[in-house]
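Please read the structure below before turning to the comments.
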Amino acid sequence: MINIDSIQLIGDCEYRQTSFTEAELTRGATLALPFRPSGRLALLADAAWRLGPRACGRMAWHRLRLRAGLARAALPDASVPDGPLLAPGAAPGAPAAEDWHGPFDPGVHALDLDLFGPGDIRPVWERNRLLAVPLLAMDGRAGEAEALLAAWRDANPPFRGPAWACGQEAALRGMHLALALALAGADRAPTAAMRALLGAHARRILATRAYAAAQDNNHAISEPAAQFVLGLVLGDAVMAQDGASDLARAVARLVAPDGAFAQASPGYHRLLLDTLAVAEWFRRRHGAAPFAFTDRARAATIWLHRIASAGGALPRCGPTDDSAFADLSRAGPHDARASIERAARLFCDAGAGRPEDPGCAALGLPCPASHLPGTDAWRSEGWMGARAGDFAMLLRTGAPLRFRPGHADLLHLDLRRGEEALLRDGGTGAYNPPPGCGWWTEALAGSAGHNTVEFDGEAQMPRLSRFLMGRWPRCEALPDGAALTDARGRRHERRFRLGARRLEVEDHLSGPFRRVVLRWRLAPRDWRTTGLGAACDDVALTLAADAPARIRLTQGWESPAYGEVHPAPVLELAAEAPVSRITTRLEVAP
């Protein structure tokens with residue numbers, strides 16, 4: 001037996017560990033991966049080296065705590081006493097029936113729950129974040145909020161069932177509850193029942209804090225932010241200070257000075273801003289010491305403002321689960337304008353074009369006279385962008401690739417014209433696709449799900465687990481684009497020129513490859529082939545190569561929302577070596 005302690009070195013859940021027999025590793029049965037054991041071990045070693053001793057050490061400590069029973073001992077069965085939760089005078093109404101558990105067993109201890117076998121837990125977690133509670137409190141419907149929260153408390157005793165299975169989910173829910181208290185004017189004197197409930201959330205976060213720190217993603221931000229907020233509301237100065245210190249360290253590590261986030265995903269970048277905004281609002285409300293990361297929060301706000309459309313749409317690059325945390329404006333998962341507005345007022349002393357934003361009004365945030373700056377061309381860690389006329393372009397450069405990529409999307413290019421993404425990412429589908437839909441993962445997260453080049457039918461990186469890939473390519477910035485060199489020595493250079501009605505892209509290819517496919521994922525229009533590309537209405541896309549090539553319009557797949565996958569048009573150019581240059585021209589008629 002070869003025991004690989006987490007084939008996901010940093011990964012899928014907080015407690016599961018998987019053992020594979022040598023035969024299973026040879027045939028790749030569990031993860032459908034065609035690697036021999038020795039090759040797989042080498043890939044795991046490569047991934048561990050790239051993740052670094054800090055992340056791997058924290059994950060090892062987390063697993064040691066699990067095996068020793070320390071995490072479980074920190075989460076014994078508990079109960080939240082009866083009594084009012086939001087305010088003593090709130091008269092509870094009749095709560096609507098809610099399915100809090102989905103297909104997951106509500107009676108199993110959170111650290112023993114199977115998070116993948118019964119189905120996709122992401123929609124269940126969304127319901128358990130309890131955004132409705134602060135929204136009802138904001139609307140002055142305290143009785144309904146009280147009834148909803150009391151029903152949730154009765155159905156979800158601490159540390160049992162899916163609601164308690166993830167420290168980050170406890171963190172996001174705990175901050176929603178703190179917001180509800182603040183909007184009801186009760187966050188400085190919570191009731192006994194609410195103190196017990198918030199205390200349980202804090203214990204759940206602290207039980208697996210090493211796991212959160214090891215992730216180098218949104219977990220490392222959300223969980224200390226909640227620890228800080230809960231510490232303020234509970235009057236626990238040590239908890240608040242520890243949370244503030246951990247949050248400051250996480251932001252310094254994961255948010256670059258230019259505003260880019262370690263998790264290469266506009267959607268998760270929005271969650272980053274929402275989380276930091278809630279922490280900053282509570283800091284001001286309770287008179288805590290200023291955070292040390294204001295400059296990085298400001299840069300992160302400007303970063304997201306640059307890539308959002310005028311209507312608030314974000315490119316669906318990287319992992320995307322449609323989170324809309326602390327969405328007091330009821331903007332929904334597909335409109336980031338309220339998130340940007342709130343962060344701009346808190347971190348930039350500026351507005352972002354929504355002076356009447358209801359969420360900011362509920363928080364008492366005045367709209368400054370100044371506005372966030374715009375720019376026609378910019379570059380950050382991992383990305384670059386440009387604007388011309390109605391066009392807005394985003395290129396995933398990966399330079400430098402300091403943190404684990406979520407998708408094989410390096411050198412992917414997104415092009416938006418107004419509110420329409422003419423050239424677009426395939427999206428995410430689901431983290432745990434429905435039965436029979438396991439193909440979603442590679443179809444959307446693999447290289448074929450992006451507007452980039454695929455060598456020899458292989459993804460840019462071999463997948464080791466649900467959220468981990470090995471042998472990351474070497475990425476570098478170019479003055480007018482970016483380049484990558486993969487583990488096999490195959491090189492792809494992408495350069496672009498953007499005008500008011502035209503985009504030109506040059507892809508230069510070299511190295512030991514036999515065949516290459518370039519894909520452009522198109523907006524869902526009525527496209528027709530033109531022999532040299534595709535056209536539709538006022539848009540024409542033309543491809544050319546310096547070697548014989550086959551150009552075809554085919555069907556691919558895209559995920560416009562989490563849990564949804566639909567057919568999508570894809571323009572492909574396939575060519576054999578020694579092809580070395582492919583040009584793409586997209587033009588819009590005057």
Side-chain angles (χ1 to χ4, degrees), residues 218 221 251 254-281 293-318 320 322-329 331-360 363 365-397 414-421 425 498:
N218 52 305
I221 299 292
V251 171
L254 302 178
V255 179
D258 56 32
F261 183 36
Q263 203 164 3
S265 158
Y268 278 115
H269 195 110
R270 178 188 180 184
L271 180 59
L272 162 78
L273 283 188
D274 288 336
T275 304
L276 296 182
V278 169
E280 171 65 12
W281 186 77
F293 54 73
T294 302
D295 288 346
R296 303 223 175 176
R298 180 185 300 114
T301 303
I302 294 171
W303 191 97
L304 197 67
H305 176 63
R306 284 172 176 157
I307 70 166
S309 74
L314 299 175
R316 296 188 69 79
C317 303
T320 302
D322 292 340
S323 289
F325 172 64
D327 185 16
L328 301 182
S329 301
H334 303 295
D335 182 353
R337 288 176 295 175
S339 296
I340 298 169
E341 181 71 35
R342 179 171 56 196
R345 296 190 191 188
L346 285 165
F347 298 120
C348 306
D349 193 24
R354 285 175 63 92
E356 306 301 325
D357 181 72
C360 289
L363 296 177
L365 298 176
C367 186
S370 60
H371 298 278
L372 284 183
T375 183
D376 290 336
W378 57 274
R379 185 188 293 272
S380 72
E381 285 197 8
W383 306 86
M384 68 183 301
R387 289 181 180 270
D390 291 335
F391 282 151
M393 194 212 74
L394 181 68
L395 179 66
R396 169 78 168 115
T397 67
D414 243 58
L415 181 70
R416 185 176 296 275
R417 183 190 183 199
E419 294 300 315
E420 182 184 29
D425 194 280
L498 183 67

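Numbering starts at 1 and runs along the sequence shown.
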Who pairs with Asp335 by salt bridge (Lys or Arg N to Asp or Glu O under 4.0 Å), at least two apart in sequence or on another chain? Arg337
Arg306: partners by salt bridge (Lys or Arg N to Asp or Glu O under 4.0 Å), with sequence neighbours left out: none
Taking only residues two or more places apart in sequence or in another chain, which ones pass side chain to side chain contact (heavy atoms under 4.5 Å, CB included) with [X]?
X	value
Ala262	Leu254, Phe403
Thr320	Ser265, Arg316, Asp322, Thr428
Thr294	Arg298
Ala313	Ser309, Arg416, Glu419

Please collect all salt bridge (Lys or Arg N to Asp or Glu O under 4.0 Å) contacts where either partner lies in [range], sequence neighbours excluded, each pair once.
range	result
residues 388-397	Arg396-Asp409
residues 376-388	Glu381-Arg402
residues 255-280	Arg270-Asp274, Asp274-Arg342, Glu280-Arg283, Glu280-Arg284

For [X], ring pair (Phe, Tyr, Trp, His ring centres under 6.0 Å) partners two or more places apart:
X	answer
Phe325	His176
His305	none
Phe293	Phe291

Are the side chains of Ile302 and Trp378 in contact, using a 4.5 Å heavy-atom criterion? no
State, with a plain yes or no, whether a side-chain heavy atom of Pro366 is found less than 4.5 Å away from one of Arg345. no
Could you tell me whether a side-chain N or O of Arg354 sits under 3.5 Å from a main-chain N or O of Glu341, the two making a donor and an acceptor? no
Asp327 (side chain) donor-acceptor with Pro333 (main chain) under 3.5 angstrom: no
Derivation and outcome, side-chain contact (heavy atoms from CB on, under 4.5 Å), residues Val251 and Ile221: CA-CA 7 Å; Val251 171; Ile221 299 292; 3.9 Å; yes
Tell me whether the rings of His269 and Trp303 are parallel (<30°), tilted (30 to 60°) or perpendicular (>60°). parallel
